[in-house]
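Each remark here refers to the structure printed beneath this line.
All ligand and atom numbering here is 1-based and tracks the order in the structure. None of these values were measured; they are calculated from a predicted model.
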Amino acid sequence: MHGVGTSTRLVGLAGSLRKASYSRATLLALREHLPGAVKLEICDLRLPLYNEDEDGAASPHDVRLFRDTIGASDGVVIATPEYNHGIPGVLKNALDWASRPFGKSVLIDKPVLVISVSPAFTGGVRAQAQVNETLLSIPARIVAGPQVVIGGVAAKIKDGMLDQAFLGFTLQALERLVAISRPTSRAVQ
Ligand SMILES: Cc1cc2nc3c(=O)[nH]c(=O)nc-3n(C[C@H](O)[C@H](O)[C@H](O)COP(=O)(O)O)c2cc1C
C-alpha cells in the first residue's frame, strides 16, 4: 500500500554572499519559525558565471545540483538586497542558470515568494521589482499579495537573524506561498 508524504519543501535563495548578510538572516529566521510540515533548505549561490557555451547536457556540476534542488522543491523563497538600484549579480546569475533550458526551466510555474531587505527605508523595493520581472519572463509563479519589503533591516537583526518581532508580515506571506505550493508526493511502503 502506498501513502503520500505531505510536507512542503521550500528552497531559500539569498541575494548576498556576505557572512552576516541581512538577507540570509531573514531566511534563517523564517527557517526557525516555519509552519508545521514545512521545510526550508537554503541554497549556496556560489555558482560559476552563466556561460551559454557551458550550458546544456554538460552544464557545471554545481549548476545541475542547484537546478535539481529547485526542481525537487515545492516553492522558493528569495530574500535579496538591492545593489545599485537593481538585482545583485549573484542572484541574477543564479536565476539565469535556473531559467534554462528555455521552456523547460525548473522555475516554470514554481511558486516564488520575493522578499527584499535594506538598511535604508526603501527596503530594496527596486531590486524586488526587477526580480519580479525576471521571474515573469520564465515564467515562475510569483506569490501575490502585499509585497514584503523590509526597510531599516540592520536594526531588526537579533542574534544573526531577523528578530521575530518583525517577522509576522513575512510569515503571512510565507503562508501564502505554502498555500499555493504543491506538496511533494512521496510514496511510502
Ligand atoms: C555594491 C552595493 C550596492 C548597493 N546599492 C544599494 C542600493 O541601491 N539600495 C540599497 O538600499 N542598498 C544598497 N546597498 C546597501 C545594501 O543594502 C547593504 O549592504 C545590505 O546589507 C546588503 O545586503 P546583505 O545584508 O544581505 O548582504 C548596496 C551595497 C553594495 C555592496
Side-chain angles (χ1 to χ4, degrees), residues 9-34 38-51 62-63 65-67 69-70 73 75-99 107 110-138 140 142-143 145-178:
R9 301 198 303 188
L10 303 179
V11 167
L13 313 181
S16 165
L17 300 178
R18 199 169 70 89
K19 276 197 208 83
S21 158
Y22 303 136
S23 313
R24 196 179 148 75
T26 301
L27 292 177
L28 291 173
L30 279 176
R31 197 173 65 180
E32 285 294 302
H33 297 93
L34 290 170
V38 179
K39 301 199 181 333
L40 175 65
E41 177 185 352
I42 301 174
C43 272
D44 188 346
L45 299 190
R46 277 163 234 260
L47 302 172
L49 285 178
Y50 185 84
N51 181 345
D62 287 351
V63 168
L65 276 182
F66 177 59
R67 285 176 175 154
T69 303
I70 291 179
S73 76
V76 176
V77 186
I78 293 174
T80 187
E82 175 176 284
Y83 277 4
N84 300 308
H85 295 188
I87 307 180
V90 163
L91 177 61
K92 183 62 164 57
N93 185 56
L95 291 176
D96 288 340
W97 278 117
S99 73
L107 279 172
K110 188 72 72 182
V112 183
L113 171 65
V114 185
I115 299 165
S116 61
V117 311
S118 175
F121 80 96
T122 41
V125 70
R126 290 163 292 214
Q128 176 156 169
Q130 292 186 7
V131 174
N132 287 343
E133 280 297 315
T134 296
L135 293 173
L136 279 175
S137 79
I138 294 172
I142 300 165
V143 173
Q147 289 187 315
V148 185
V149 175
I150 306 176
V153 68
K156 297 175 180 168
I157 301 293
K158 194 175 163 193
D159 300 329
M161 285 190 260
L162 186 71
D163 190 339
Q164 192 180 353
F166 301 101
L167 202 59
F169 191 68
T170 312
L171 279 171
Q172 284 172 22
L174 188 94
E175 277 170 22
R176 293 200 299 279
L177 168 66
V178 170

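- Lys156 places a side-chain N or O within 3.5 Å of a backbone atom of Gly151 that can act as its donor or acceptor partner.
- Without hydrogens or angle criteria, Arg24 side chain to Ser16 main chain gives no donor-acceptor distance under 3.5 Å.
- When heavy-atom distances to ligand 1 are checked against 4.0 Å, the residues falling inside are Ser16, Arg18, Ser21, Tyr22, Ser23, Pro81, Glu82, Tyr83, Asn84, His85, Ser118, Pro119, Ala120, ordered by chain and number.
- Without hydrogens or angle criteria, Ser99 side chain to Ile138 main chain gives no donor-acceptor distance under 3.5 Å.
- Residue-environment remark: CG (Asn51) exceeds the threshold of 12 foreign heavy atoms within 6.0 Å.
- With Arg176 contributing its side chain and Pro146 its backbone, the two residues share a donor-acceptor pair below 3.5 Å.
- For the pairing with Leu30, the side-chain contact (heavy atoms from CB on, under 4.5 Å) check across Val77, Leu162, Ile42 returns one residue only, Val77.
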